[in-house]
Amino acid sequence: MYDKESDFFKLSVRNLNSGALCSKPQADRVSGLAWAKDGQALLYVVTDQNMRPCRIYCSMIGSTDDDFLILEEPDENVYVNIRHTKDFRFVTVHTFSTASSKVFLINAADPLSGVNLVWECEGISHGILEHHQGYLYLFTDAAKEGQSVDYHYLLRSHLDSSSSPRTWESVFTDDPDWVVEDLDFSHTHLVVTLREGRNFRLCSVTLPLPAGKGPVHLKELHPQFLPLPKYVSQISPGPNYDYHSSKMRFTISSPVMPDAVVDYDLSNGEWNIVQQQNILHERTRVLYGTASSASINEETLNSKTSNPSNEVNSDDDQLWNGLSEFYACEQYNVASYDGVLLPLTVVYSRKNKKEDQNPGLLHVHGTYGELLDKRWRSELKSLLGRGWIIAYADVRGGGGGGKKWHHDGRRTKKINSIKDYISCANFLVDKEIVHENKLAGWGYSAGGLVVASAINQSPHLFKAAILKVPFLDPTNTLLYPILPLTAADYEEFGYPGDIADFHAIRDYSPYDNIQKDVLYPAVMVSSSFNTRFGVWEAAKWVARVRELTIYDQKRPILLNLTTDIVEENRYLQCKESALESAFLIKVMES
């Protein structure tokens with residue numbers, strides 16, 4: 001249970017028969033947990049005062065004995081997390097720092113029997129360990145033979161291996177055209193999320209995988225491709241807790257389709273949408289300015305079979321409740337200042353788009369190697385219906401392009417994210433996709449840093465901007481962390497103690513590079529008193545922009561503060577979205 005006042009999670013266990021809370025475990029500052037011993041034991045991770053996960057305890061449910069300390073990591077640079085394998089045979093412990101990463105194994109049947117090291121590597125790396133029929137599988141992006149890799153790959157080792165250190169072998173041969181983004185195991189199948197260029201695909205292969213043959217190409221395993229709609233921007237796995245189920249659940253996202261929660265039956269390839277905002281019922285189609293069309297047959301919706309080619313025709317698009325009939329989605333490759341090609345996604349209303357007259361809203365994130373959120377959002381309908389172009393810039397520092405893509409937009413190379421964003425903005429204007437005096441920027445959290453920095457460098461390029469809970473003063477926040485920061489934050493934005501990082505931070509910092517006596521675009525900065533980035537960052541930036549730049553009443557610099565966390569309040573979300581749209585429309589019409 002999240003304690004807002006203390007900003008941590010409390011752990012307790014309730015007896016569902018009596019409704020009473022068990023006397024143990026009772027713990028504060030819990031960051032993760034895993035069940036063991038067929039539900040008789042619960043392992044959990046506790047953080048220190050700096051919110052660093054560092055200790056693992058084991059509690060026997062119903063016992064009055066003190067919880068047993070299984071592992072404690074004294075090094076303040078090392079972080080700990082745990083999870084159980086999907087078959088509940090083992091609990092895995094992952095410890096990581098900038099110096100090294102390690103994975104340990106705990107026998108779930110006897111959690112007090114000890115912690116065994118099964119894998120380690122130099123440097124920080126991602127690693128997920130699974131067990132399937134006597135084999136350990138490790139999905140990682142660790143360096144190979146001392147050479148950094150740009151992707152995740154799958155390793156395998158026999159559970160009973162006696163070699164020290166343990167011997168791991170690659171499962172798949174490397175293929176730059178088929179990059180494995182994610183994996184999920186069931187008892188009978190392995191489901192693989194692939195990236196082919198910038199396009200996502202989803203396939204399943206039958207388990208167990210062949211042993212003793214060395215690495216094989218995924219194509220040799222005759223993967224069954226699961227159908228997807230057009231323009232998929234993200235595939236998010238569901239909980240998929242049932243290891244023995246033949247079905248797996250995924251959420252499929254697209255810029256021109258409401259999120260679809262889909263169950264795929266791996267045994268026969270059938271698929272079924274179990275949850276989706278179906279906004280194309282006959283009674284609502286008029287909202288999109290089209291005449292009626294035949295209703296979708298209920299039986300057709302509930303009985304669909306996989307298409308081996310993974311291609312989608314217009315009828316299939318209707319089955320997915322797609323919006324392609326009303327909104328167009330176009331994808332471009334934009335050359336950045338150094339020649340690197342950047343993916344740019346553009347969405348607009350087929351009915352309301354006008355040549356060289358359209359206002360535009362350019363979204364960006366470009367941080368932590370995370371995918372830019374390009375999901376369909378119904379609150380954008382009011383802008384699209386007024387002829388706005390909604391664009392998404394996949395800049396370096398974000399996800400979807402491998403580890404190198406992420407690393408080329410962080411620390412001393414963070415400036416690449418900003419220049420990439422400016423390149424995409426110039427492309428929209430130069431190609432007359434957006435009117436030259438009607439472009440707005442939009443950035444959330446660390447994406448707000450990219451937009452604000454781009455405004456500092458090219459204030460003439462933007463007419464307006466929306467910055468939501470933005471990170472605007474990295475120099476002071478990283479030097480004097482009032483709020484807890486993690487190793488990932490310093491790896492992303494730089495260590496101020498490193499002279500090269502310090503100068504890079506000062507060069508891209510929005511607060512430190514505001515231009516004097518220059519006309520800035522209209523900006524609305526939204527922040528909260530309950531945010532990870534301090535509300536003072538937004539207040540300081542707004543005050544300095546007002547002080548230094550040229551005042552124009554048609555281009556106001558607004559500070560919008562809330563006492564609640566917007567993301568936790570649906571009605572407040574609606575209110576904030578309406579405020580943003582009203583602000584953008586007002587500025588463009590002026």
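When a residue number appears, it is its place in the shown sequence, counting from 1.
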Quiz prompt | Tyr520/Phe462 under ring pair (Phe, Tyr, Trp, His ring centres under 6.0 Å): CA gap, chis, key distance, verdict | solution = CA-CA 8 Å; Tyr520 264 43; Phe462 302 92; over 10 Å; no
Practice problem: Measure from NZ or CZ of Lys102 to the centre of the six-membered ring of Phe96 and say whether it is under 6.0 Å with the direction within 45° of the ring axis. | Solution: no
Quiz item: Excluding sequence neighbours, so at least two apart, what forms side-chain hydrogen bond (donor to acceptor under 3.5 Å, both in side chains) with Arg52?
Solution: Asp48
Quiz item: When you measure from the centre of the six-membered ring of Trp119, is the NZ or CZ of Arg156 under 6.0 Å away and within 45° of the axis?
Solution: no
Quiz item: Taking it one step at a time, do Ile433 and Asn358 satisfy side-chain contact (heavy atoms from CB on, under 4.5 Å)?
Solution: CA-CA 7 Å; Ile433 299 170; Asn358 305 285; over 6 Å; no
Quiz item: Going by atom types only, do Glu492 and His406 share a side-chain donor-acceptor pair under 3.5 Å?
Solution: yes
Practice problem: Begin with the C-alpha distance, continue with both residues' side-chain angles, and end with the deciding distance and a verdict on side-chain contact (heavy atoms from CB on, under 4.5 Å) for Leu136 and Leu105. | Solution: CA-CA 10 Å; Leu136 297 177; Leu105 210 59; 4.1 Å; yes
Quiz item: So, for Val340 and Arg396, which heavy atoms are closest and what is the spacing to 0.1 Å?
Solution: CG2-NH1, 3.4 Å
Practice problem: Check side-chain hydrogen bond (donor to acceptor under 3.5 Å, both in side chains) between Arg555 and all other residues, then give those that pass, not counting sequence neighbours. | Solution: none
Exercise. Look at Lys468 together with Glu580 and state whether they make a salt bridge at an N to O cut-off of under 4.0 Å.
Key: yes
Quiz item: Where do Ile557 and Val542 come nearest, in terms of heavy atoms and distance?
Solution: CG2-CG1, 3.9 Å
Quiz prompt | Heavy atoms of other groups near Lys144 NZ, more than 12 under 6.0 Å | solution = yes
Self-check item: For Ser526, side-chain hydrogen bond (donor to acceptor under 3.5 Å, both in side chains) partners two or more places apart
Solution: Asn560
Quiz item: In terms of the angle between their ring planes, are Tyr490 and Tyr495 parallel, tilted or perpendicular, with boundaries placed at 30° and 60°?
Solution: parallel
Exercise. Quick one: closest heavy-atom pair of Thr475 and Ile505, and the distance?
Key: OG1-CG2, 3.5 Å
Practice problem: Determine the minimum heavy-atom distance between Cys424 and Leu344, stating which atoms define it. | Solution: CB-CD1, 4.1 Å
Self-check item: Aromatic ring proximity Phe185/Tyr137, centre distance under 6.0 Å
Solution: yes
Exercise. Classify the side-chain pair Asn77/Ser97 by whether it contains a donor and acceptor separated by less than 3.5 Å.
Key: no
Quiz item: Are the ring centres of Phe139 and Tyr153 closer than 6.0 Å?
Solution: no
Self-check item: Geometric cation-pi criterion, Lys414 with Tyr508: 6.0 Å, 45°
Solution: no
Quiz item: Take atom CD in Glu196; do more than 12 heavy atoms of anything else shown fall under 6.0 Å from it?
Solution: yes
Exercise. Test the Arg544-Tyr511 pair against the cation-pi criterion, namely NZ or CZ under 6.0 angstrom from the six-membered ring centroid and within 45° of the ring axis.
Key: yes
Self-check item: Test item: side-chain donor near acceptor, Thr251 and Asp259, under 3.5 Å
Solution: no
Practice problem: Flag the pair Glu130 and Lys86 as a salt bridge only when some basic side-chain nitrogen lies within less than 4.0 angstrom of an acidic carboxylate oxygen. | Solution: no
Practice problem: Would you please say whether a donor-acceptor pair under 3.5 Å links the side chains of His365 and Glu370? | Solution: yes
Self-check item: Cation-pi, Trp442 ring and Arg377 (6.0 angstrom, 45 degrees)
Solution: yes
Self-check item: Distance-only donor-acceptor check, side chains Asp408 and Asn416, under 3.5 Å
Solution: no
